[in-house]
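These numbers come from a predicted model, not from an experiment.
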Amino acid sequence: MKLVLDILTGMGLASATGLRPFLPALLAGALASADLGIDFDGTEFAFLESPWWLLALAVALVATVLVRKALETGAGEAALSGLGIGLGALLCAAAIDDRHDVWWYGLILGAAIAYLASSVSRQLFHRVRARFTSAGDAAAAAALPFYAEAAGLVVAGLSVLFPPLSLVAIGFLVALLVTGRRRSDQKYAGLRILR
């Protein structure tokens, strides 16, 4: 049962870093350093709760806030997505390595979940940003990265404190993926009819 809970914690942390990389990883490291629900001491991933790592994450978080506009480009979003996938893989494996000797599959599982979260959130925020921009609501469009940070923070915190909730987050991501694809298929079907 402990293994299942640790895997769920890792999956939840990976989905959180897929949404936004730095704040969920910073929260996980802070909780681990305080031994609240998770602990990386004595694992291959002990650096994830070290002060220098937490400082680096905090600096990266501040930098992303300062250069928010540049990160809304395709290259900026891809870079954040890649960082989120890497951090998701590390955090998932670290959550498993906390109490279990075999953790390598956590890297694969974490990367896959973070990729799912990153892909879905990028598509969702592109659609929402386009709607806000076309409606002339630039302030709401500018606030979207902060909503993503908040969502990542909540998912990470709940995944550590109550691991089964990570299944709800992942289920929500899958539902968004399916509905997003369905809308895309309907849009292209409509364009084919116009021809």
query: Who are the salt bridge (Lys or Arg N to Asp or Glu O under 4.0 Å) partners of D6, not counting sequence neighbours?
result: R99
field: Spacing of L177 atom CG and F172 atom CZ [to the nearest 0.5 Å]
entry: 12.0 Å
task: Could you tell me whether the side chain of T17 reaches within less than 4.5 Å of the side chain of S118, counting heavy atoms only?
output: no
field: With sequence neighbours excluded, residues passing side chain to side chain donor-acceptor pair (under 3.5 Å) with E49
entry: none
message: Run F22 and L80 through side chain to side chain contact (heavy atoms under 4.5 Å, CB included) and show every step you take.
response: CA-CA 9 Å; F22 303 120; L80 274 182; 3.8 Å; yes
- prompt: In the hydrophobic cluster built from side-chain contacts under 4.5 Å, what are the other members alongside V154?
  reply: L158, F162, L165, V168
statement: For T9, the side chain to side chain donor-acceptor pair (under 3.5 Å) test, sequence neighbours excluded, returns none
task: May I have all residue pairs that pass salt bridge (charged side-chain N to carboxylate O under 4.0 Å, His left out) and include part of residues 162-177, sequence neighbours excluded?
output: none
statement: salt bridge (charged side-chain N to carboxylate O under 4.0 Å, His left out) pairs touching residues 142-167, sequence neighbours excluded, are R20-E149
Distance-only donor-acceptor hits, side chain of residues 50-59, under 3.5 Å, sequence neighbours excluded:
unit_1	atom_1	unit_2	atom_2	d
S50	OG	F47	O	2.7
S50	OG	W52	NE1	2.9

Contact check, side chains of L13 and I38, non-hydrogen atoms, under 4.5 Å: yes
message: Enumerate the side chain to side chain donor-acceptor pair (under 3.5 Å) contacts for residues 150-161, please, sequence neighbours excluded, ordered by first and then second residue.
response: none
- request: Sequence neighbours left out, what passes side chain to side chain contact (heavy atoms under 4.5 Å, CB included) with L173? Give chain and number order.
  value: S15, L19, L116, A117, V120
statement: Sorted by chain and residue number, the side chain to side chain donor-acceptor pair (under 3.5 Å) partners of D97 (sequence neighbours excluded) come out as none
query: Which residues, ordered by chain and number, are linked to L161 in its hydrophobic cluster, where ILVMFWY side chains connect at heavy-atom gaps below 4.5 Å, directly or through other members?
result: none
- prompt: What residues form a ring pair (Phe, Tyr, Trp, His ring centres under 6.0 Å) with F132, not counting sequence neighbours?
  reply: none
CG on L107 to CG on L91, rounded to 0.5 Å: 10.5 Å
